[in-house]
Amino acid sequence: MLRSLSFRQRLTLRWTLSFGLVLGAAHAVVYVGARIYAYRDLDAQVRTLAATELASAVDEYTGVHLHDFPADSLSAGEYATKFAQLFDDQGRLLMQSPGLGASGPLLTREQIAATLRGEAPVVAVHVTGRSGRMAALRAQQNDRQYVLAAGLFADMLEKYLSRLAWLLAVVWAAGLAITGVVGYTLASRVLDPISRITARATGIARGDVRGRLDTPVADDEIGRMTRLLNEMLDRLYAVIDANRQFASDASHELRSPLTAMAGEVDVALKRERSAAEYRETLAWVREGLRDMTELTANLMVLVRAQERPAEAGLHEVPLQPLLEGAAERLRPLAAARGITIDTTQCPVLVAYGDERLLSRVVENVLANAVQYNRDGGSVHVTGSGEDRGGDEWVPSQVVLRIADTGPGIPEEEWERIFERFYRLDSSRSRRTGGSGLGLAICRAVVTVFGGSIRIAQSSDAGTTVEIRLPGRPA
């Protein structure tokens, strides 16, 4: 049944029931406490009444007797009805108030015996359907002992307690109704921002990814949730926009070599050719497939670094072996153009990251430094360790600087060269085989490990790329 109710209704119902239980328990405590204290007060009055009766009942001239209060002859106000009984030391009823009629003894023999031993019991009695309280005291006249029991009917007390019970019940019911109304109103107010968020989220789910939630006016739980959702939407939109651009660029990059290969194959199939010509065509297609395979591998590295950073574990990675290995793989390409690669000036440094991904970063930067260098130029790698210090623990950093002697990069292009598929010189990139993903992969990887990569300086004399990573000197 509760499942068919709205969250607002369930919240109101649970709040009302909880408040009703608490209020009911409080009223029960009030009623029980009032009843206990009322009967304690009644018992005190009964003892006082019994003591007064005892003082007036024992008279050396008239003997032991009872006094009746003529309340019926008075017309002003209400009076509590008293009653009394007198017993001898054998437990026989000697006399009683006329109002008791033929009710007989109201005390048991055990209670009479206890009174004769000096006790003063207060007992509950019932007379003709009416409840009352009676106190018994010992009296003595002419060396003979008596028991005088005097009491009061509790009709008025029970009536007042009944009225209190009804009053508490009415207050409980009214409080429950008011609580329900107030709870529903408060729940509506509290959930109104949620309703607006839901409505706006519905629009976003239907394709309006540019939509944002209303700016919160208060720094409370709803306000903080709204800001976090807006931040999440900003990141989501950035990812969607980047993926759209990525898909467009990737399709363009893959379409061009595929179209070229298809055209080359079509030309080769138009007429019979020699084995050497077919071999030349196949070699050309094989070269195109190699470039596409490299492009696909680069795309996989980029996606893995950006979308699944948790899979890239942190380890201590010595950088010198990575630099030497990348330089060794690039030396044939560099030697063909008379370019030298020097990594001997770099001290022994240890970075915190993944060895395979950091190796890709080092090789991509060195490859760029070789590919976009002047013939007969050079590539120099230097490094250092930096202690960031401070009161709080902050990991130190290692810095790699790869400097080439190329023609330089215009300052307005320093950031754009880290974008996916961006080429400073498309024709030259095609000639050297670049896909425009190398530096984008480098930035994505070093960002995952808490580092950075940037163009430190660039001029006609060459370009220096600076890589910062968490680490330490070995």
Side-chain angles (χ1 to χ4, degrees), residues 29-168:
V29 171
V30 169
Y31 178 79
V32 172
R35 187 179 184 87
I36 291 174
Y37 286 114
Y39 270 97
R40 284 182 181 177
D41 185 62
L42 178 62
D43 289 348
Q45 295 181 39
V46 168
R47 288 192 178 94
T48 302
L49 174 65
T52 304
E53 277 299 319
L54 180 62
S56 61
V58 180
D59 191 322
E60 60 179 337
Y61 301 105
T62 59
V64 178
H65 58 278
L66 296 177
H67 293 84
D68 289 321
F69 177 64
D72 295 339
S73 64
L74 302 176
S75 58
E78 286 186 279
Y79 295 88
T81 306
K82 76 166 187 175
F83 54 89
Q85 288 184 333
L86 185 64
F87 301 89
D88 61 12
D89 56 359
Q90 301 301 316
R92 293 187 294 268
L93 179 61
L94 302 179
M95 60 184 70
Q96 64 180 2
S97 299
L100 294 179
S103 59
L106 298 178
L107 296 179
T108 63
R109 289 188 175 274
E110 290 77 9
Q111 293 168 344
I112 294 173
T115 305
L116 290 173
R117 290 195 300 269
E119 299 178 15
V122 178
V123 298
V125 296
H126 293 274
V127 182
T128 63
R130 301 172 64 186
S131 61
R133 304 285 288 179
M134 175 176 279
L137 296 175
R138 182 179 61 183
Q140 187 168 351
Q141 175 70 20
N142 298 327
D143 298 330
R144 188 175 180 183
Q145 290 186 335
Y146 300 89
V147 173
L148 176 67
L152 293 172
F153 284 110
D155 297 355
M156 294 176 62
L157 178 59
E158 289 293 337
K159 182 173 65 174
Y160 293 146
L161 290 175
S162 178
R163 289 176 180 175
L164 176 61
W166 276 105
L167 178 61
L168 293 175

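These numbers come from a predicted model, not from an experiment.
- Proximity of a side-chain donor or acceptor of Thr115 to a complementary backbone N or O of Arg138 within less than 3.5 Å is not detected.
- None of Val125, Leu49, Leu152 except one satisfies the side-chain contact (heavy atoms from CB on, under 4.5 Å) rule with Met134; the exception is Val125.
- Considering every non-hydrogen atom in both Leu137 and Ala120, the closest pair reads CD2-CB, 3.7 Å.
- Looking at Thr108, its side chain does come within 3.5 Å of a backbone N or O of Gln111 through a donor-acceptor pair.
- Residues Gly151 and Val46 approach most closely at CA-CG1, 4.3 Å, considering heavy atoms.
- Listed by chain and number, the residues in a side-chain hydrogen bond (donor to acceptor under 3.5 Å, both in side chains) with Arg92 are Asp88 (sequence neighbours excluded).
- Minimum interatomic distance between Leu148 and Ala50 (heavy atoms only, all atoms of both residues): CD2-O, 4.1 Å.
- Scanning both residues, Ala136 and Leu107, for their nearest heavy atoms gives CB-CD1, 3.8 Å.
- Every residue two or more places apart in sequence or in another chain was checked for a ring pair (Phe, Tyr, Trp, His ring centres under 6.0 Å) with Phe87, and none qualifies.
- Listed by chain and residue number, Glu158 satisfy the salt bridge (charged side-chain N to carboxylate O under 4.0 Å, His left out) test with Arg35 (two or more places apart in sequence, or in another chain).
- By the salt bridge (charged side-chain N to carboxylate O under 4.0 Å, His left out) test, Arg163 is found to be paired with no residue, residues two or more places apart in sequence or in another chain being considered.
- Each side-chain hydrogen bond (donor to acceptor under 3.5 Å, both in side chains) pair with one or both residues in residues 120-137, not counting sequence neighbours, appears once here: Asp43-Arg133, Arg130-Asp155.
- Counting only distance, with no hydrogens or angles, the side chain of Gln85 and the backbone of Gly104 share a donor-acceptor pair below 3.5 Å.
- For the atom pair Leu116 CG and Arg109 CZ, the distance stands at 11.0 Å (nearest 0.5 Å).
- Closest heavy-atom contact between Ala84 and Leu100: O-CD1, 3.8 Å.
- Scanning all heavy atoms of the two residues, the minimum distance from Pro105 to Leu93 falls at N-CD2, 4.1 Å.
- Under the salt bridge (charged side-chain N to carboxylate O under 4.0 Å, His left out) criterion, Arg40 pairs with no residue, sequence neighbours left out.
- In this structure, Tyr39 and Leu161 have side chains that are in contact, with non-hydrogen atoms separated by less than 4.5 Å.
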